[in-house]
Amino acid sequence: MRVIPIVFAFVSSFLIGETMVSEGYQPGDKATDFKLKSVDGKMYSMSDYKDAKGFIVVFTCNTCPFAIKYDDRVNALAKKYKAKGYVLLAINPNNPDVQPKDAYNLMQAKAKEKGFVFPYLVDEAQKIYPQYGATKTPHVFLLDKNLVVKYIGAIDDNSDDSSAVKERYLENAIAALEKGKDPSPEITRAIGCSIKTNKKV
């Protein structure tokens, strides 16, 4: 009988990071706008895009192997959906004191090297990712033009091989919005690295 509370305590402490998911936005919630610095030195917010049909907010970073595998896919999505009226904004939520390779100057270097066509923003105060409930990089939030959250989770079902993707969750969600419908599914599991922070949970 003594083993049970010990195991329970271990599991509870192991999963404590996962409980943070429920503290962020859920589909149907209205997201708060933000104003963050991009790698070009300018400040960006969703209110800058008066004619946008929706927003693709991607929490990503320089260093996570999963995020790196999605770099080209995210860039392609930004190009494709800009023409359809959707704005993609990427946010690096990592603390560079914890992960030095996510420093601002290295974000600038990466954006230039990869030819990013979207604002690559830095969540310097680490206040935005907890509001959204982002727990991984990459972690995607699709918002409609009124900033109502419509989809949360993964970009697609294969982080390893873009040519082997069978389910394009984000694109399917956008297609649903285009038809005036709610996406199905509205939530998928984000696969990636934990967000690097020195804050105490």
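Looking only at side-chain heavy atoms (C-beta outward), Lys30 and Leu143 stay at 4.5 Å or farther from each other. You'll find the side chain of Phe118 stays beyond 4.5 Å of the side chain of Val58, heavy atoms only. Here the side chains of Leu88 and Lys79 are not in contact, with every heavy-atom distance at 4.5 Å or above. Side-chain contact check for Thr60 versus Ile91: every heavy-atom pair is 4.5 Å or farther apart. Proximity of Phe116 to Val74: side-chain heavy atoms (C-beta onward) are nowhere separated by under 4.5 Å. Looking at Phe34 and Met46, their side chains come closer than 4.5 Å, going by heavy atoms from C-beta outward.
Between Thr188 and Tyr151, the side chains place a donor N or O and an acceptor N or O closer than 3.5 Å (distance only, hydrogens not considered).
Asp33 contributes no side-chain N or O that, together with a main-chain N or O of Ser45, makes up a donor-acceptor pair within less than 3.5 Å. Glu167 contributes no side-chain N or O that, together with a main-chain N or O of Tyr169, makes up a donor-acceptor pair within less than 3.5 Å. When atom types are taken as modelled, the side chain of Gln126 and the backbone of Pro93 share a donor-acceptor pair closer than 3.5 angstrom. Distance alone, capped at 3.5 Å, places no donor-acceptor pair between the Asn75 side chain and the Asp71 backbone. At least one donor-acceptor pair closer than 3.5 Å links the side chain of Ser38 to the backbone N or O of Tyr120. A donor-acceptor contact shorter than 3.5 Å is absent between the side chain of Asn146 and the backbone of Val148.
Rounded to the nearest 0.5 angstrom, Tyr129 OH and Asn94 CG are separated by 8.5 Å. Considering CG of Leu121 and NZ of Lys35, their distance stands at 11.0 Å, rounded to 0.5 Å. Of the inter-residue distances, the one linking Asn92 atom CG with Glu124 atom CD reads 10.5 Å to the nearest 0.5 angstrom. Put simply, SG on Cys193 and NZ on Lys136 are 8.0 Å apart, with the number rounded to the nearest 0.5 Å. In this structure, Gln108 CD and Asn62 CG are separated by 10.5 Å, a value rounded to the nearest 0.5 Å. Note that CG of Asp97 is 10.0 Å distant from OG1 of Thr197, once rounded to the nearest 0.5 Å.
Taking each heavy atom of Gln26 and Ile152 in turn, the nearest pair found is CA-CD1, 4.0 Å. The shortest non-hydrogen separation linking Lys166 to Asp157 is N-OD1, 3.0 Å. Here the closest heavy-atom approach between residue Val165 and residue Arg73 is recorded as CG2-NH1, 3.9 Å. When every heavy atom of Leu89 is checked against every heavy atom of Pro119, the shortest pair comes out as CD2-CG, 3.6 Å. The two residues Cys61 and Lys110 come nearest to each other via the heavy atoms O-NZ, 3.4 Å. The two residues Val140 and Ile56 have their closest heavy-atom pair at CG1-CG2, 4.2 Å.
Surrounding CG of Asp51 are at most 12 heavy atoms belonging to other residues, nucleotides or ligands under 6.0 Å away.
If you chain together hydrophobic residues whose side chains sit under 4.5 Å apart, Leu170 and Val117 fall into the same group. No continuous path of ILVMFWY side-chain contacts below 4.5 Å connects Val122 to Phe59, so the two sit in separate hydrophobic clusters. In terms of hydrophobic clustering, with Ile, Leu, Val, Met, Phe, Trp and Tyr side chains grouped at heavy-atom distances under 4.5 Å, Ile128 and Tyr49 are assigned to a common cluster. A single hydrophobic cluster is seen to contain both Val87 and Leu147, as judged by linkage of ILVMFWY side chains at heavy-atom distances under 4.5 Å, directly or through other members. Under the 4.5 Å side-chain heavy-atom criterion for grouping Ile, Leu, Val, Met, Phe, Trp and Tyr, Ile174 is not connected to Phe55 through any hydrophobic cluster.
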Tell me which donor-acceptor pairs under 3.5 Å the side chains of residues 63-70 have, and how far apart each pair is, sequence neighbours excluded?
| residue | atom | partner | partner atom | Å |
| --- | --- | --- | --- | --- |
| Thr63 | OG1 | Asp102 | OD2 | 2.9 |
| Lys69 | NZ | Asp160 | OD1 | 2.6 |
| Tyr70 | OH | Asp156 | OD1 | 2.6 |

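Applying salt bridge (Lys or Arg N to Asp or Glu O under 4.0 Å) to Glu178 and the options Lys53, Lys150, Lys84 leaves one that passes, Lys53.
Sorted pairs that involve residues 79-114 and meet ring pair (Phe, Tyr, Trp, His ring centres under 6.0 Å), not counting sequence neighbours, are lacking altogether.
Residue Val98 is found outside any hydrophobic cluster, as its side-chain heavy atoms come under 4.5 Å of no other Ile, Leu, Val, Met, Phe, Trp or Tyr.
Ring to ring, Tyr25 and Phe141 are not that close: their centroids are 6.0 angstrom or more apart.
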